[in-house]
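Take a look at the structure below.
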Amino acid sequence: MHVHPYERMWIRLSAVLLVVFGIAIAVSSLALGVTIPGATPRSVATGLPADATPSQGWVRELGPGRYEVNLVARMWGFEPNVIRVPKGSTVTFYVHSQDVLHGFKIKDTTVSMMAIPGQVGRASYTFEEPGEYLYVCHEYCGLGHHVMSGKVIVE
Amino acid sequence: MKGALRIGAGLLIAVAALIFAFAVGRPVQVLPRVAPAPPFELVDASGAPVMAPREGSPITLYLFGAVRDEAGMEQVKRFYHEASRALAAAGYSDGVAFSFITVDPDHDTPEVLRQAAERLAVPQGLPLSFLTGSWVAIRMVVGTGFGVYFQPSADPELPPAYDPAVIIVDENHVIRARYGLDQLDSRTLVRDINLLAKEAGAKGASRWIYEGAHLFLCYPR
């Protein structure tokens, strides 16, 4: 069968990439101990505030213009679901899930992450413009997924 | 033409494989550049002003607490003694310093801090400075700058509530790591200081390798 040399080259390149990815998966899982998330808490990042636990959501001021939010996601809502901060504040979110996989995305910002049971997601964002920033669950999590939302009110 | 294409493709694959090996194997590791540490002007236990950043600063471990919080101070003392011992054993008798910033500035005057410093002193200990300042300055430095939570108690007789934390700041006044005070063991601390010292000592081409390590998030696990 005749195969055009360019096509042959790309087939070879694709095969090499498959081998590279295969090796990457093997190295990650066997040598580096990377595993897919499970029900058991796998990792808790160091340096988390002592109260950043999945038991309760809160917002607290660290100092002028700096806030922390411990955000708990559960079927089908966020706690807290309204966060008020002054304009120009930098907010660090610690995101937990109490049950299944959820998502956490704040519209019109760069904050977008998964809320994985047993793990803590962390993201910071500076809200320069006043307004209401909707946050939603963007990982399908069941019947009430579409009502799972909250908002950051920047005053 | 065909040969040149093959050589080009081969080179491309070799470079990709090298980059991949570097990112996965992480032969060079660095601590993340978390954020710039806050600039400040506070006073030490002798009442002398202390400013940061300043030229020639050592790697500094910032600790936070209140002298009235006896359990917390005991934890700070234990940490400082163990960390001093471990760092001295690893050859860091200089180049690393500790700074304790009070979260209870209304109570922790320079005189109170001087007495606390005497209680914490250890013969072979690394330099340890105790810093205080006005409430606003402490709020800006500890809360807004370092991102460490503290809140005065409703009862003025009680010390403030706070998160005991250790923050490692490099010689360029950049935050490189943050731990809970009870989370940081001596082995991890020495590893982190080793990484910072190696990175600080990198010159010429090796400097770029360290920048590559930052690019590929080659952080210790």
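Letters A, B, ... are given to chains in the order of the sequence lines, protein chains preceding strands, and every chain is numbered from 1.
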Tell me, side chain or backbone of [X] under 4.5 Å from chain B's heavy atoms, or both, or neither?
X: A:Leu13; answer: side chain
X: A:Val16; answer: side chain
X: A:Tyr6; answer: side chain

Determine whether more than 12 heavy atoms belonging to other residues, nucleotides or ligands lie under 6.0 Å from atom [atom1] of [X].
X: A:Lys105; atom1: NZ; answer: yes
X: A:Trp10; atom1: CH2; answer: no
X: A:Met114; atom1: CE; answer: no
X: B:Tyr219; atom1: OH; answer: yes
X: B:Glu70; atom1: CD; answer: no

What part of [X] is in contact with chain A, defined as an atom under 4.5 angstrom from a non-hydrogen atom: side chain, backbone, both or neither?
X: B:Leu181; result: neither
X: B:Leu5; result: side chain
X: B:Val148; result: backbone

### Task
Sort by residue number and list every member of residues 66-90 of chain A having a non-hydrogen atom under 4.5 Å from chain B.
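Contacts with chain B: A:Arg66, A:Glu68.
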### Task
Locate the shortest heavy-atom distance separating B:Asp163 from A:Arg60; write the atom from each residue and the value.
OD2-NH2, 2.8 Å
### Query
Which heavy atom of B:Arg139 sits nearest a heavy atom of A:Glu61, and at what distance?
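Shortest heavy-atom separation between B:Arg139 and A:Glu61 comes out as NH2-O, 3.4 Å.
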Considering only distance and modelled atom types, tabulate donor-acceptor pairs under 3.5 Å from the side chains of residues 149-157 of chain B, sequence neighbours left out.
{"from": "B:Ser153", "atom 1": "OG", "to": "B:Asp155", "atom 2": "N", "distance (Å)": "3.1"}
{"from": "B:Ser153", "atom 1": "OG", "to": "B:Asp155", "atom 2": "O", "distance (Å)": "3.3"}
{"from": "B:Asp155", "atom 1": "OD1", "to": "B:Glu157", "atom 2": "N", "distance (Å)": "2.9"}

#### Entry: Partner chain B: residue of A:Ala24, A:Pro5, A:Gly63, A:Ser124 with the largest heavy-atom pair count (under 4.5 Å)
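When all of A:Ala24, A:Pro5, A:Gly63, A:Ser124 are compared, A:Gly63 has the most.
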